[in-house]
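Heads up: the structure comes next, in structure tokens.
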Amino acid sequence: MTHPHHDRVDGWEPAATELAAPAPAFPDHPGAFRLYGPRFQHNPAQLYREMRHVHGPVAPILLDGDIPAWLVLGYRELHYVTSNPELFGRDPRRWNAWDRIPPDWPLLPVVGYQPYTMHLEGAEFERRSTIMNDVLSDVDLFELRALCERTCDELVDGFAGRGEADLIAEYAQSIPMLLIGRMIGVPETGLPELLSAMNAATDGSGPEAIAGHSRFVAIINALLADRRAHPRPDIPSALLGHPGKLTDEEASWDLLLIVGIGQQPITDWIGNTLRLMLTDSRFAVTLSGGRRSVGQALNEVLWEDTPLQNMSGRWAIRSTQLAGQHIQTGDMLVLSCAAANGDPQVRPDSFEGPGGNHAHMSFGHGEHRCPYPAQEIAETIVRAAVEVLLDRLPDTDLAVSPDALVWRPSPWLRGLSALPVHFSPS
């Protein structure tokens, strides 16, 4: 049972007008904040500040269904946790709360164990992550940029004549899947089905989401079977042909990860950057004057409004102390990239903006961070998407008040549900 109108279990609480009933007590997790509900969805940065004020850099939280965990808010603490895999493991099967998790828990697809590289540890992680890094490093970023521009132009062509569009549904959401689909060799005729399956798996719920995921897996496995018989110069063939010798099952999981994990973060990075540039005068004044501000906007979003807000997670291999909190064996630690980026210990009040500083935690840290080649691929896609749109439609403006924009309810990712704009038809 969830309580969406309560964000703190005891101690500090929201204003009385926000409360529908007294919050329940959690003796084993005192002072926990809820990482869901209207307050978190509307202004997570404010909630992180309140958590830090009450608990310091590591705070007790409750996930959907009031499942207890810890949120690592501090920059140094996040760095410490991700730098010590012998103390904080990546395998979620270590979790001591599985007996509390119902089979229909909405966060299960994110938290539950699957044999992706991201859930592996030790020698097996080293082998699989090396293969993935090698394969992604072979992507030609100049060719990717040209492919990005062509794909983005095709999407803009679809709405440029109308004078209005939703830049999430009609643009940002389609770009990563169309691009990655082309990069992995999905035939042009198969791209609509791939996009439909991924959107259903990501945005749907219940049977719709399950059916979408099943279609997505079937497309990936059929592609791998074809490349096993008929190799080509593409990512699936590179996975299968790598000297590390992936099994068919391992190749399937790793290709699913490559295709699927970038979809929503890239969508949100595009959407959040466009929102910034359309609402902040520091960027708006240069929309028709040059491209230098696009790179600044990309970096500022990663510091101030990162798509990857929180990561699941790490699990304590043994009992330990972290920032004054007693972490029990098997406890789950959610890593807050967003809160770490705003940590006043590394960003004092006089800090005037990120500028060229790329020391944010938006790609994670440590051995399980987002691979560097994947970071370069993502930035190439996002930069092209923003630049093409603003080049094609330079007078683009929001069609609603900035305060009317709605953020999707997710503890992990921060992105807009829609970004309605208008512009001169072309």
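Bear in mind the structure is a predicted one, so any value in this text is a computation, not a measurement. When a residue number appears, it is its place in the shown sequence, counting from 1.
No donor-acceptor pair closer than 3.5 Å links the side chain of E164 to the backbone N or O of P420. With R90 contributing its side chain and M118 its backbone, the two residues share a donor-acceptor pair below 3.5 Å. Judged by distance alone, with hydrogens and angles left aside, the side-chain atoms of H368 form a donor-acceptor pair with the main-chain N or O of L120 at under 3.5 Å. The closest donor-acceptor contact from the side chain of S237 to the backbone of P231 lies at 3.5 Å or more, if one exists at all. Counting only distance, with no hydrogens or angles, the side chain of Q325 and the backbone of V58 share a donor-acceptor pair below 3.5 Å. Of the possible donor and acceptor atoms, none in the side chain of S196 sits under 3.5 Å from a partner among the backbone N and O of P192. Proximity of a side-chain donor or acceptor of R275 to a complementary backbone N or O of L416 within less than 3.5 Å is not detected. At distances below 3.5 Å, not a single donor-acceptor pair connects side-chain atoms of D397 with backbone N or O atoms of H422. In terms of modelled atom types and a separation under 3.5 Å, the side chain of R227 and the main chain of L240 share no donor-acceptor contact. A donor-acceptor pair under 3.5 Å is absent between the side-chain atoms of R383 and the main chain of T380, judged by distance alone.
Between atom CG of residue L78 and atom CG of residue D343 there is a gap of 10.0 Å, rounded to the nearest 0.5 Å. Separating the CD atom in E367 from the CZ atom in R369 is a distance of 9.0 Å, to the nearest 0.5 Å. A distance of 6.0 Å separates CG in L178 from CG in L191, rounded to the nearest 0.5 Å. In this structure, L256 CG and I220 CD1 are separated by 5.5 Å, a value rounded to the nearest 0.5 Å. Atom-to-atom distance recorded for C148:SG and D153:CG is 11.0 Å, nearest 0.5 angstrom. Between atom CE of residue M311 and atom SG of residue C370 there is a gap of 10.0 Å, rounded to the nearest 0.5 Å.
Counting only heavy atoms from C-beta outward, the side chains of H119 and P92 approach each other to under 4.5 Å. F216 is listed as a side-chain neighbour of V259, based on a closest heavy-atom distance under 4.5 Å. A 4.5 Å side-chain heavy-atom check between M332 and V111 finds at least one atom pair inside the cut-off. Put simply, the side chain of M51 does not reach to within 4.5 Å of the side chain of S336, judged on heavy atoms. Proximity of E86 to N84: side-chain heavy atoms (C-beta onward) are separated by under 4.5 Å at one or more points. By the 4.5 Å heavy-atom criterion applied to side chains, I258 and M132 are counted as neighbours. The closest side-chain heavy-atom distance from W269 to I381 is not below 4.5 Å. Residues M361 and Y75 meet the side-chain proximity criterion, which asks for heavy atoms closer than 4.5 Å.
Side-chain contact, Y36 with D66: a donor N or O sits under 3.5 Å from an acceptor N or O. At a cut-off of 3.5 Å, with distance as the only test, no side-chain donor of Q375 or E379 sits close to an acceptor on the other residue. Under the 3.5 Å distance criterion, with hydrogens and angles disregarded, no donor-acceptor pair is assigned to the side chains of T130 and N133. Looking only at atom types and distance, the side chain of N96 has no donor-acceptor partner in the side chain of T329 under 3.5 Å away. In the model, Y48 has a side-chain atom that pairs as donor or acceptor with a side-chain atom of N310 under 3.5 Å.
Between H55 and F33, the angle of the ring planes goes over 60°, which puts this pair in the perpendicular group of the 30/60° scheme.
For the pair L108 and I101, the tightest heavy-atom approach, listed with the atom from each and the gap, is CD1-CG2, 4.3 Å. The minimum heavy-atom distance linking L179 with T151 is given by the pair CD2-OG1, 3.6 Å. When every heavy atom of G415 is checked against every heavy atom of N272, the shortest pair comes out as CA-OD1, 3.8 Å. In plain terms, the two heavy atoms of Y171 and C152 that are nearest each other are OH-CB, 3.4 Å. When all heavy atoms are compared, the tightest approach of I235 to V139 is CD1-CG2, 4.3 Å. Taking every heavy atom of both residues into account, T267 and P176 meet most closely at OG1-CG, 3.4 Å.
With W70 as reference, I327 is the one residue of L335, I327, V334 to meet the side chain to side chain contact (heavy atoms under 4.5 Å, CB included) rule. When each of Q309, Q263, R414, R408 is tested with D268 by the rule side chain to side chain donor-acceptor pair (under 3.5 Å), just one qualifies, namely R408. Just one residue in the list V301, T306, D305 forms a side chain to side chain contact (heavy atoms under 4.5 Å, CB included) with S362, and that residue is T306.
For NE2 of H53, the number of neighbouring non-hydrogen atoms (other residues, nucleotides, ligands) closer than 6.0 Å is 12 at most. Within a 6.0 Å radius of OH in Y113, more than 12 heavy atoms belonging to other residues, nucleotides or ligands are found. Within a 6.0 Å sphere centred on CD of E249, heavy atoms belonging to other residues, nucleotides or ligands number 12 at most.
A salt bridge links D91 to R93: one of the charged nitrogens lies within less than 4.0 Å of a carboxylate oxygen.
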message = F363 vs C337, test: side chain to side chain contact (heavy atoms under 4.5 Å, CB included). Steps then yes/no.
response = CA-CA 8 Å; F363 292 116; C337 306; over 6 Å; no
* **Audit row: I67, W95, side chain to side chain contact (heavy atoms under 4.5 Å, CB included) steps and yes/no** => CA-CA 12 Å; I67 303 299; W95 199 10; 3.6 Å; yes
- L246/W253 under side chain to side chain contact (heavy atoms under 4.5 Å, CB included): CA gap, chis, key distance, verdict: CA-CA 10 Å; L246 292 173; W253 281 111; over 6 Å; no
- Query: Is there a side chain to side chain contact (heavy atoms under 4.5 Å, CB included) between R314 and L87 once you walk through the steps?
  - Reply: CA-CA 9 Å; R314 298 293 188 273; L87 187 55; over 6 Å; no
